[in-house]
Structures are given as structure tokens and as C-alpha cells.
Amino acid sequence: MTVAANLGFPRIGARRELKSALEAHWAGELDEAGLLEAARGLRQRHWQLQAGQGISHIPSNDFALYDQVLDTAGMLGAIPEGYGWRGGPVSLATAFALARGARGTAAERSAGIAAGLPALEMTKWFDTNYHYLVPRLSAGQRFELTENRPLAAFREALPLRTRPVLLGPVSFLLLSKTEDGSDPLGLLDRLLPLYARLLGELAAANCAWVQMDEPALALDLSEAAREAFRRAYAALAEGATPDLLLTSYFGPMADNLATAASLPVAGLHLDLVRGAADLEPALDLLPPERWLSLGLVDGRNVWRCDLRAALGTLRRVAERRGTRRLIVAPSCSLLHVPVDLAQEGGEGQRGLDPAVRSWLAFATQKLEEVAALARGLDEGEAAIAQALAASDRARQGRAESAAAHRPEVRARLAAVTPEMARRAGAFPARRAAQRARLGLPDFPTTTIGSFPQTPEVRQARAALARGTLDAEGYERRVEAWIDEALRWQEEVGLDVLVHGEFERNDMVKYFGEQLDGYAFTRHGWVQSYGSRCVAPPIIWGDVARPGSMTVRWAAYAQSRSARPVKGMLTGPVTMLQWSFVRDDIPRAEVCRQIALALRDEVTELEAAGIAVIQVDEPAFREGLPLRRAAWQAYLDWAVESFRLATAGVRDDTAIHTHMCYSEFNDILPAIAAMDADAISIETTRSRMELLDAFAPRPGGGEEAAWPAEIGPGIWDIHSPRVPEAAEMAELLRLARRRLADWQIWVNPDCGLKTRRWEEVRPALEHMVAAARTLRAEAGGSGTGTA
Ligand code: GLN
Ligand code: ZN
């Protein structure tokens, strides 16, 4: 019989129960026992649900209170000094201090956790929007098995016999950082005995299968890393272990496939959604006595599976190697999709358009698809006739939907000329025209767009949504907040003002809600990190802009001040990156559609007298593909999209962009090719080190230098701390060492929506003071030209 398997289930809960429990615990309203009980309840519910969907290889140990990589590090005793760990199982206080930084709570004090300890670094889990905590390993790191988590999970699920998930030793090390910068793989030999023990204990408990996650196999690997795989799995094969299913996902293993296939494990999982090219070589490489797990159902996106096509693939595989030892599965863990489409209401209910809804599958539905495929192979098409028919209908519905394929959108895209992506004048001419129009001092001051989203602001938006506040009343309030923000910015002496983005719930959602082709769910939450969830918009159809989106507010704000007010837009790449994107046309094409919609908005803003237009692209870098060889193709269309959105303006209209938490070293040519007049970036924490990429290389000519203006952030807005003017001035001096004075803008690291006015007021006063100090120091020498 073909095995129906899952690789991981979302742990947050259909109603974000885990989020509520965690946040209640952190607020001191739910004790540790209560939190653990809530977590246990979720695990039991999810195991039952998966069994009910016909899944026979059900994952356990895929759960984590905060993050599975943090739990793995804790299990292996990879816990930095000071966090209150003295051997044995890691306490919740220690784990949460590692996850969120020490907060000075009573629990932390009694666990001996030093106040003010920072959280572990957090970064994206491969190219998903999930973020994991990066294990921090010391140079002489000793590991210690603090508990056998997969075994505990296996036992907890009994009598259901689950397949525990374990982050494999090589990926664990490759995802970690060492304090001295040495190669973490150097620690492999110290780690392997712990893995051997984990697996030995699982085997002794009669656990039949363990899922060894080694997603690093989808990355560019050095020969040393491949050798680490061979060494690790040879060592593990010496002891008693359950059958190991080696799982990689998020892309083809490609040049790592031969290594993966050579490892002495019982089976191999392939992501056939993103790594379909692996299938043929894998069939050649894998002998029939090895198990093959086929990730046919997209674990990362919300579309229904084309069951007929997937069944076809499955049949071809069965013809090649027989029907034995086959597993059907989602392409990767379902962590990255919402829990259950059933919550989105059916026909006639408010919310998702029923047609769009019928094209979707969330985690629960994806498991049904997996089970149907396994059954279809074993029992024939007739046994799954209904599922096939529903899948066919969805595919046909999508293909025939007039709103998903709009001739006028396609025609416009086809008519795009290279000139449309090119500004009229070159940067030096533009800069002269812009400076003449704006009349700015040297080191001009501005902010990134948003001002605090106070409870009052959020309540008004909620009241508007509920219908207890009418549109008229809402607009008057937003205008009043804008007026107040403008007056205050003038008083403080900022040079380029912002309206404050009070009308925006979220920088992607606000635009998506006003564009055709976007849909929104009510409960489509996915975990971003810890208790933080996002409900990404779904781009299902051709994107078009039925009307202006921000012009009303920008024009109002500009009418209320004599100083320039920036227009604020979210860029095409970020609009794409933070959404679930249709999979029936290339992402690049969707991005260009969004770009053209934004282009019209930019044109209207310019016509409304807005002289500075900022197009935010915080997600630009995170769109980079996992493999280097694919970078350039991505950068080409991403840059082109930004330029399409922005290049239609006159020379005297300044295009700014903003990117936070990014490193620019290896992509600066692409950033420069966006041809913005100014960029603002986040540089406070790195003390301007990130600026190095923008500075002219000694003797390097223009090649790696950023040619335009730049605002290196001088206030870390992620912290409630208000920096002094002297600190900010010092950062600006560091910036002056790397840049010409004429290039430098003065601004915070990012928008201020999560801060309070009590912090914003003094911090921006200090920022303006710092700019004045710099002007005095530069003594007018800064009026140089580009
Ligand atoms: N303009 C946005 C703001 O100020 C930018 C947010 C971001 O970069 N994430 O809120
Ligand atoms: Zn930002």
C-alpha cells in the first residue's frame, strides 16, 4: 500500500490558540502548567485530525512552543552562558529568554537569568516567511543531550504511532552561527554521538520511522558540507536506529542529490513542487529497496493540487520502480499554510469570493489531497472520482476565470517598452532639478512614513469596519491626526514631512484591499515567528488598480503644509513577497502587473503636487532565490518592476525607496540599478557598517558605489529606548566617513508605527538637533554637487 504522509502540521491552532496561550503566559495570566496543557491539547487535536484525514505517517515533534530550531538547540545543550541553564531539560524561562530577550521577570530572576540579555538572532527559515532563532555556538562548544524530545513526542502520541521529526545534524550546524566565526561543521563529530543516542532510544521504544529534516540539501553546498553529510549518516547507520526518511524541501537538491541518494538511510523525500527536476535523476539513483517520498502537494502555497497531474506523476514513478515503498506527501511541512479552509465560510457567506475559495486548499484540505493520491494509485481513479472531479473543476475554473485573465491587463503588459522603465534624465540632472524645487538644507531630515498607531487610531478603524463609525466620521479623524502630525513635524523642524499612514492597517494589506486580483481571509493565519502570525493576502487574479489608493491622503496632507510631504507606497516586490501568489503564471509577471498598477498611482501623486514619492521595498532582498545561480534572473525582474513603477515621473520629482534589515554587500549593483534618487536603510545596530557596501571602493571606480542620496538610519526604532542627539550625531559622523555630504539624509531606521508618541517626540527632536550639529560641523562644505 502507498503510504500517505505528512511532514509537519501548523502548530498555532485554527484559532491561534497557541498565540493566545503564549501571550497570556508572558503577561503572567497563564501559568506554566496552563501553557503546557494548551500545547498538549493542540498536539492531540492535530494528531487526531491528521489520522482522520487518512494520513498514516503522522509527524510528531513538529510542534514547538516558540521555534523548532530553538528546541533543537536546547535539546542538544547548545545554550549560551547567562541564560540560566545548568544542565538537564531547558526551563521555559530560559527558552523564552533566548527567544525574546530577558525581560527582568520574576521567573527569570529565580532562574538566574541576567537582566537585559538579548534574544538570539532571528532570521528567515530558508526562503519562507517563517523566522527561526539562530543557535549561537561557542568556539569550544560542548553538546549535551538535555532530553529526548522526539521520543517524548512519540510517547505522548501513543497509541497513535507517529513519525517523529528531527532536524538533522548537518542542517542544524549549517543554520547555526559560531561566536568566533569558525565553521560550525567543525563541531559535527561532537554532535553525532547525541544523535546516535536519540535514535537508539527511539529504536528501543519501537519507533519505526524518524523523519530527518535536512533542508540544507536545497542550498549551494561546499564539498566539505557534502562530505559532512556522508560522514554523519555513515556514523548514524552504525548504531540501531528507526528507519530514517531523509527530507529536503524548498527547492531541488540538484548537485546535492547524488550525495543524498548515496546516504545509508531507508528513504528519501523529494519536493516535487519546487524541485521537480530531481525526480528523474532520483529514479535513476535510488535502488528499489529504498523508500521514495513524493512531495506532490504544495506545502507552501494555498492552491488546490492538480490531482490528475499529480496522479499521473505517481503512476509514472510506480511504473518505473513498482508500487512498493512509495510515500505520498506534501512538498514540505504545512507550517507555512493556514490550518483550515472550512473556517472561511461557504457559499453565500461574507468573506472570500466562493469561486476563489473553491480553488484553495489549506493544511487540512492538503492532507485530504495526499490521502486521495495514495488511494488513487492503489485503487484506481474510480476510487477517488469525486476528489478528481473537484480538482478538475478548480483547475478549469481558474483557467477560465475572466477576472484572473484580463485582456486589458495582459495587453498593457505586452505593450511595455524599455523607455517606460527609464527615467527621463540621469541622476545628476534629476538631483539638480529636485534640489531646486525642494530647497532643502544639507543633511535634510525626514522619517520613513508611519507615525504611532495609537489605540485611538486602531479603534477608529475597527469602528469603521464594524459600521459604528461612518466613512465621513472616519475620514475627519484621519485628517485631524494628519493635521496634528504635520504641525508637530513643522515645529520640530523636519524638512520633508510625512502624513503618518494613520489610515493603513498594514503596508501590504492596505494596497491589496484596493487592488483587483487580491483576496483576503479571515482566519488564514500562518506563523511568522513565536506567537506572531500574519494572514497574507492571496493574489488570485490579474492585478489592476480600479482607482487611486493614497492620493486623497497625500494631497490632503500637502494642502496643509508649505513644506514637501512625501507620498508613501509599498513597492511591487514587497507586495508580491508578502502574499500567497498565484501559481498559474510566473511570479515575474504578477510583479510587473503590480508595478503597472503602482505606476499609475505614482503618476497621480505627481500630478497632485507631491514632489517626493517613497516606494518601500523592505522585502526586496528576501526574495532572493536559495541558489546563487538563480539570483540574477530574480534581480532582473525585481529591478525592472521597481523601475516600471517609478520611472514615469519628471526629473524634479524625487523617487525614494526604503529597505530595512537587509545586507547589501552582494546585491548593491541591483540596488543601484533601481535608479532611485534616494534610499533609506537600517544602519543603527550595525553602527553604519552596512553602509560600507554603498561607499565608494578605494580605486574601484563607480562599480560598487551607490550613486545617489542615502539616509542611513540613526535611530533603532525596534527598541523603546530614546537615543541622545550626541549618539545620533556620532553615527552621522561615521556615515560622513563613508559617503559624500551631499548624499546624506537624516532619518530613523524604519517607520514609527509600533512606537509611542512619548518616544517619537523626543527622539525626532534629538534627530533634528543631530542634523543641525552636522550642518555646523560641515560648515557649508556639504553643498557640493553630485
Ligand atoms: N513606510 C513604512 C512605514 O513607515 C515602511 C515600513 C517597513 O519598511 N517595514 O511604516
Ligand atoms: Zn523599514
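Each residue takes its place number in the sequence, starting with 1. Counting starts at 1 for both ligands and their atoms, following the listed order.
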message: Q614 and side chain to side chain donor-acceptor pair (under 3.5 Å): which single residue from H658, H656, K566 fits?
response: K566

- request: Of all the heavy-atom pairs spanning A654 and Q434, show the shortest one and how long it is.
  value: CB-OE1, 3.4 Å

field: Side-chain H-bond candidate by donor/acceptor type, R563 with Q489, under 3.5 Å
entry: no

message: Under 4.0 Å from a heavy atom of D616: which atoms of ligand 1 are those, numbered in the order shown and with their elements?
response: 1 (N), 2 (C), 5 (C)

message: Return the closest protein heavy atom for atom 6 (C) of ligand 1 as residue, atom name and distance.
response: M507 SD, 3.5 Å

- prompt: Do R643 and E640 meet the salt-bridge criterion of a basic N to acidic O distance under 4.0 Å?
  reply: no

field: Option passing side chain to side chain donor-acceptor pair (under 3.5 Å) with D67 (candidates W125, Y132, Y130)
entry: Y130

query: Which atoms of ligand 1 are found less than 4.0 Å from any heavy atom of M568?
result: 1 (N)

query: Looking at G751, which atoms of ligand 1 are within less than 4.0 Å of one of its heavy atoms?
result: 3 (C), 4 (O), 10 (O)

- request: Check whether any N or O atom of E501, backbone or side chain, sits under 3.5 Å from an N or O atom of ligand 1, and answer yes or no.
  value: yes

field: Min N/O separation S450 to ligand 1 under 3.5 Å
entry: yes

- prompt: Would you say C660 has any N or O atom under 3.5 Å from an N or O of ligand 1, going by distance alone?
  reply: no

- request: Identify, by atom number and element, the atoms of ligand 1 in contact range of G449, meaning under 4.0 Å from any of its heavy atoms.
  value: 4 (O)

- prompt: Is it the case that T445 and D495 place a side-chain donor and acceptor less than 3.5 Å from each other?
  reply: yes

- request: Taking only heavy atoms of H658 into account, list the atoms of ligand 1 that are under 4.0 Å away from them.
  value: 8 (O)

- prompt: Honestly, is R300 close enough over F250, meaning NZ or CZ under 6.0 Å from the six-membered ring centre and within 45° of the axis?
  reply: yes

